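Below: the structure, in structure tokens.
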Amino acid sequence: MSDVSFDDRVAANHLRLDAEAYENVYVVGDVHGCLPALQDLWDRLDPSPREMVVFVGDLIRKGPTSTGVVDFVASRPNAVSVRGNNEMKVIEGTVDTVRFEPVREAIESTPLVVSWEDSMAVHGGVDPRRALSAQAPIDLLETRAIPPENGYDGPFWFKQYDGPGRVFFGHTVLESPFLSEHAVGLDTGCVYGGELTAYDCNRDEVVSVTPERTYQERADEKILSF
């Protein structure tokens, strides 16, 4: 991904990690304010200072402890989150932002994309009909189906994407992680009674924890199974 030239709006919000500075990278799915589950997962991973933990966005909303989750991630030098569509709602003021004021600076500082070696993390995905250099911020934040208006009816971008690189993503709620050569989906519905899932890049395996409770109900047709 080092040779990808992103759109100017994306490039200004792209964080490139120095892979040589880290012995491993973990990528974590949508937390949605579920702080106890995040604490459990962090303990399971037990990342050393030379291991980076990348979150795919939507740290906030839907669950009970959004500001606590943002503080947890922001306070750790070996953790970073990309911006999710729920962070964007706070930044743009399309939802009530009062309770997010204590962590607003941290939310606004989130990049749209984090990349390392030949991998990248975004919240929604990429549109496989266009080059990575032609992706707009909205593509990275909200892509799910192709065409986009199909939503959870599909077909889904991550079933079509064939590179370059490997894209880690959240946003689309999955019954279990989606793993392919070029796409890894990690939103396993933590806030909906599913699991909070991480991907261990060195070991090429997933690590999951079960939240202490279900905070929101979700229709079966909006939880994908492959």
Side-chain angles (χ1 to χ4, degrees), residues 12-93 95-116 119-123 140-141 168-171 184 186-191 194-202 206-213 215:
N13 292 280
H14 170 211
L15 173 63
R16 178 70 179 174
L17 300 177
D18 178 4
E20 293 185 359
Y22 300 102
E23 297 170 349
N24 192 15
V25 176
Y26 299 99
V27 190
V28 179
D30 303 35
V31 182
H32 279 302
C34 298
L35 181 58
L38 173 55
Q39 292 169 327
D40 287 348
L41 182 63
W42 191 274
D43 289 344
R44 283 276 304 277
L45 299 177
D46 192 23
S48 76
R50 284 184 54 79
E51 293 182 303
M52 175 59 75
V53 184
V54 178
F55 292 79
V56 297
D58 275 10
L59 297 178
I60 62 172
R61 305 189 71 235
K62 302 185 180 181
T65 324
S66 290
T67 56
V69 169
V70 175
D71 279 336
F72 185 100
V73 174
S75 67
R76 282 157 175 79
N78 60 333
V80 64
S81 179
V82 301
R83 184 175 305 174
N85 62 303
N86 279 287
E87 282 83 18
M88 185 58 79
K89 289 175 182 178
V90 172
I91 292 168
E92 294 181 338
V95 296
D96 183 4
T97 63
V98 172
R99 65 191 176 108
F100 298 108
E101 288 306 317
V103 293
R104 187 179 185 92
E105 184 176 350
I107 290 172
E108 290 179 341
S109 70
T110 51
L112 287 167
V113 54
V114 173
S115 69
W116 65 98
S119 297
M120 59 185 276
V122 297
H123 179 62
L140 305 183
L141 285 165
F168 292 83
F169 67 98
H171 189 55
V184 177
L186 294 168
D187 183 358
T188 47
C190 175
V191 75
E195 294 180 317
L196 182 61
T197 297
Y199 183 86
D200 182 330
C201 290
N202 273 5
V206 297
V207 179
S208 298
V209 297
T210 302
E212 74 284 1
R213 56 169 291 191
Y215 292 101

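As the structure is a computational prediction, the values presented were derived from the model and not from experiment.
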I'd like to check the side chain to side chain contact (heavy atoms under 4.5 Å, CB included) partners of [X]; sequence neighbours left out, ordered by chain and number.
X     : result
Asp96 : Val98
Thr65 : Leu35
Arg99 : Arg61, Ser66
Glu92 : Met88, Thr94

Give the C-alpha distance, both sets of side-chain angles, the deciding distance and a yes or no for side-chain contact (heavy atoms from CB on, under 4.5 Å) between Val95 and Val90.
CA-CA 6 Å; Val95 296; Val90 172; 4.1 Å; yes

Close side-chain approach of [X] and [Y], heavy atoms under 4.5 Å:
X      : Y      : value
Asn85  : His171 : yes
His32  : Leu59  : no
Val114 : Leu17  : yes
Phe55  : Val80  : no

What pairs with [X] under side-chain hydrogen bond (donor to acceptor under 3.5 Å, both in side chains), at least two apart in sequence or on another chain?
X      : answer
Asn13  : none
Thr188 : Thr197
Asn78  : none
Lys89  : none

Can you name the nearest heavy-atom pair linking [X] to [Y], along with the distance?
X      : Y      : result
Leu112 : Val82  : O-CB, 4.0 Å
Val27  : Val56  : CG1-CG1, 3.6 Å
Leu196 : Cys190 : CB-SG, 3.9 Å
Arg16  : Ser119 : NH1-O, 4.5 Å
Pro211 : Glu195 : CD-CA, 4.0 Å
Pro64  : Gly33  : CD-O, 3.4 Å

Residue pairs passing the salt bridge (charged side-chain N to carboxylate O under 4.0 Å, His left out) test with at least one member in residues 17-37, sequence neighbours excluded, are Glu23-Arg50

| task | Mind jotting down which residue pairs meet the salt bridge (charged side-chain N to carboxylate O under 4.0 Å, His left out) criterion with at least one end in residues 64-78? Sequence neighbours excluded, please. | result |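 For residues 64-78: none.
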
Distance, nearest 0.5 Å, that separates [atom1] of [X] from [atom2] of [Y]:
X      : Y      : atom1 : atom2 : answer
Arg104 : Ser109 : CZ    : OG    : 12.0 Å
Leu15  : Met120 : CG    : CE    : 12.0 Å
Leu45  : Tyr26  : CG    : OH    : 5.5 Å
Lys62  : Cys34  : NZ    : SG    : 11.0 Å

Test side-chain contact (heavy atoms from CB on, under 4.5 Å) on Ile107 and Ile60; report intermediate values, then the result. CA-CA 9 Å; Ile107 290 172; Ile60 62 172; 4.1 Å; yes

Residue pairs meeting side chain to side chain donor-acceptor pair (under 3.5 Å), one or both in residues 38-49, sequence neighbours left out, come to none

**Asked** Checking side-chain contact (heavy atoms from CB on, under 4.5 Å) for the pair Arg83/Leu141: CA distance, chi angles, key distance, verdict?
**Response** CA-CA 7 Å; Arg83 184 175 305 174; Leu141 285 165; 4.2 Å; yes

Can you tell me if His123 and Asp58 form a side-chain donor-acceptor pair at under 3.5 Å? yes

**OP:** In sequence, state the C-alpha distance, the side-chain angles, and the governing distance for Met52 and Asn24, and then conclude on side-chain contact (heavy atoms from CB on, under 4.5 Å).
**Re:** CA-CA 6 Å; Met52 175 59 75; Asn24 192 15; over 6 Å; no

Q) Listed by chain and number, what are the ring pair (Phe, Tyr, Trp, His ring centres under 6.0 Å) partners of Phe168, not counting sequence neighbours? A)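 If we apply the ring pair (Phe, Tyr, Trp, His ring centres under 6.0 Å) test to Phe168, skipping adjacent residues, the hits are Trp116, Tyr199.
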
